[in-house]
Amino acid sequence: MFVATLFMACEPDIEDFTPSGGDADFTRYVAIGNSLTSGYADGDLYKTVQLNSYPAIIAEMFATVDGGDFIQPLMKDDIGFGKRLILGSSTSCTGETSVAPIPFNTTPSPANFVSIADDGPFNNMGVPGAKTFHLITPGYGVLNPYFGRFATSEGTTVMADAMAIDPTFFSCWIGSNDLLTYALSGAESDSITPQPIFEQAYGAILQTLTANGAKGVLANLPEITAIPYFTTVPYNPVPLEQAQVIQLKAAYAEYNAGATAYGLDSITFAEGLNAMVIEDEAFAALGGIRQIKEGELVLLSIPQDSIKCAGWGTIKPVPAQYILDLAEIQEISDATIAFNQTIAAYAEQFGLALADMNGLLEDIKTGIKYDGVNYTATYVTGGTFSLDGVHLTPQGYAYAANTFVEAINAKYNAAIPLVSVTEYPGVLFP
């Protein structure tokens, strides 16, 4: 069990522990993946979080067993592309002031958009936004500025550039974006990567990485609908008083008469917190709206002030782009299971270690205590997820790094020491 092993690692007996690489060679380590691999956090990629990316942390551990240099395509500063969030003071439409994520309003440096390919080859090949098949797509750097800034040519692929260091060992955590971009749109745009395409692309990636005999570790995919972006806003956030309830019952009387005629659920309100009214094209006969069900998810991107002051969820249905309904959640879950079965099968086929990131998220949902600090999946205060509600904090990335190394130790008879999670930064409070 991950947590039990982690606790045991908190206070190692230094005299009895001798680091060993076991059956693997960590001389030239390359990390393959997307934004999670790059170190992305707080809505952008910036230098400090890159320095605390999980591959950089893993490379620190590999250094104890003769691991080589680890070069990353670093941003020039902590501004990145200018999309970073920080914790600051925010005043709502009701006049309430609270600590909340706000834009880090600083103009990005042009230097962050200039090619740094000559500084490579790079060991960290994590590309924010990349899906599995993007890693083998020629010219992807033209489409993705994060890769474009360190791609060796316009026509190259991520995998071609990754092989420039002739890796002896690799980590591969890819596939989340094959689900995530669809989920982030409320299932209103993009699509889940079809299973055959995912399987073919993932296999091609591994054929490339292992062609020269390199060993490695794969990571499976967490259930993305369990991350704070999808779990922070409740389905019933609308507080109503009795006078408002009476008004809304009258406003929806005609709808409810139609719902009864069609054998569908009515829209109901009561004093206290209420489930929101949402758009749903499946209810075209009733104006394309219905009331959200418990278990359906509201995205963190929903404008909070619109709920508080513009009647969203009551007199104005919430647009579908901010909701994942039960069918869409099931679709994402089914694809996650299928993708993870593919990853596990490839780990066995290629003789690779398998890090259970899905299990790690389950542990974090329950809560993990490390060095007296509690870590959960709660937005902002949980310590594990950054301010964008999707990506990890450096402390979260340290957990991921330990999970990778535990799998490596088990598979390759290695004895690589784990890191102390609390030595890495968490959410920075003002």
Side-chain angles (χ1 to χ4, degrees), residues 31-40 45 54-55 125-141 143-147 157-159 162 170-209 216-230 297 299 301 321 324-325 327-347 349-350 352 354-361 385 388-392 400 404:
I32 303 298
N34 50 37
S35 51
L36 291 167
T37 299
S38 71
Y40 195 106
L45 189 66
Y54 78 76
M125 295 298 294
V127 179
K131 297 183 180 183
T132 306
F133 59 88
H134 287 151
L135 302 188
I136 57 174
T137 300
Y140 184 56
L143 304 175
N144 185 320
Y146 286 106
F147 180 45
T157 67
V158 175
M159 292 310 304
F170 64 87
S171 63
C172 181
W173 190 10
I174 190 70
S176 290
N177 283 333
D178 295 72
L179 305 156
L180 186 62
T181 52
Y182 176 71
L184 292 178
S185 73
E188 293 300 300
S189 63
D190 210 321
S191 60
I192 296 173
T193 301
Q195 172 66 18
I197 293 177
F198 178 86
E199 186 171 339
Q200 180 180 19
Y202 206 106
I205 290 167
L206 295 185
Q207 290 283 2
T208 300
L209 287 169
V217 57
L218 310 182
N220 61 15
L221 309 179
E223 193 74 47
I224 60 168
T225 52
I227 65 178
Y229 194 90
F230 301 102
L297 301 176
L299 277 58
S301 54
Q321 71 196 66
L324 283 177
D325 64 30
E328 292 159 350
I329 294 168
Q330 188 62 54
E331 183 184 12
I332 293 166
S333 178
D334 290 345
T336 303
I337 292 170
F339 288 175
N340 281 342
Q341 288 173 341
T342 295
I343 294 170
Y346 275 134
Q349 176 183 337
F350 285 87
L352 304 170
L354 179 61
D356 186 13
M357 294 302 172
N358 195 23
L360 174 58
L361 179 57
F385 285 90
D388 57 33
V390 174
H391 301 89
L392 301 174
F404 272 108

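Throughout, residue positions are numbered sequentially from 1 according to the sequence presented.
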What distance separates I337 CD1 from Q195 CD, expressed to the nearest 0.5 Å? 11.5 Å

Quick one: do W173 and L221 satisfy side-chain contact (heavy atoms from CB on, under 4.5 Å)? Show the steps, please. CA-CA 8 Å; W173 190 10; L221 309 179; 4.2 Å; yes

Going by heavy atoms in the side chains, are F198 and I343 under 4.5 Å from each other? yes

Distance-only, no hydrogens or angles: does the S333 side chain make a donor-acceptor pair with backbone N or O of Q330 under 3.5 Å? no

Pair L299, Q321 - check side-chain contact (heavy atoms from CB on, under 4.5 Å), show working. CA-CA 8 Å; L299 277 58; Q321 71 196 66; over 6 Å; no

About how many Å separate OG1 of T225 and CG of L324, when rounded to the nearest 0.5 Å? 7.5 Å

Within-4.5 Å side-chain heavy-atom neighbours: Y202 and L218: yes

Could you tell me if the side chain of Y229 sits less than 4.5 Å from the side chain of I224, heavy atoms only? no

A130 and I174: which non-hydrogen atoms are nearest, and at how many Å? O-CD1, 3.8 Å

Reported CD-to-CG distance for the pair E223 and L179, which is rounded to 0.5 angstrom: 8.5 Å

As an exercise, state the distance from OG of S38 to NE2 of H391, rounded to the nearest 0.5 Å. 7.0 Å

Short side-chain donor-acceptor distance under 3.5 Å, T181 and D190: yes

Inter-residue atom distance F230.CZ - I332.CD1, 0.5 Å rounding: 6.5 Å

Looking at Y54 and A400, what are the two nearest heavy atoms and their distance? CB-CB, 4.3 Å

Are there more than 12 heavy atoms of other residues, nucleotides or ligands under 6.0 Å from atom CD of Q200? no

Given side chains that start at C-beta, do those of L352 and L206 come closer than 4.5 Å, heavy atoms only? yes

Can you check whether L180's main-chain N or O pairs, donor with acceptor, with N177's side chain at less than 3.5 Å? no

Donor-acceptor pair between Y182 and T193 side chains, under 3.5 angstrom: no

State, to 0.1 Å, how close N144 and P128 come at their nearest heavy-atom pair, and which atoms those are. ND2-O, 2.8 Å

So how far is it from F404 CZ to M357 CE, rounded to the nearest 0.5 Å? 4.0 Å

For the pair N358 (side chain) and N220 (backbone), establish whether a donor and an acceptor sit closer than 3.5 Å, ignoring hydrogens and angles. no

Is the closest side-chain heavy-atom distance between T37 and P55 below 4.5 Å? yes

State, yes or no, whether a side-chain contact exists between H134 and V127 at a heavy-atom distance under 4.5 Å. no

Heavy-atom nearest pair, A226 first then L361, reads CB-CD2, 4.0 Å

Could you walk me through whether T208 and F170 satisfy the side-chain contact (heavy atoms from CB on, under 4.5 Å) test, starting with their C-alpha distance in whole Å, then the side-chain angles of each, then the deciding distance to 0.1 Å, before giving a yes or no? CA-CA 11 Å; T208 300; F170 64 87; over 6 Å; no

The ring pair (Phe, Tyr, Trp, His ring centres under 6.0 Å) partners of F385 (sequence neighbours excluded) come to none

Taking all non-hydrogen atoms of both residues into account, name the closest pair between G33 and L135 and its distance. O-CD2, 4.3 Å

Y346 side chain vs E199 backbone, donor-acceptor pair below 3.5 Å: yes

Answer yes or no: is there a side-chain heavy-atom contact under 4.5 Å between D178 and F133? yes

Do T157 and I136 have side chains that approach each other closer than 4.5 Å (heavy atoms only, starting at C-beta)? no

At their closest point, which heavy atom of G186 faces which heavy atom of E328, and how far apart are they? O-OE1, 3.8 Å

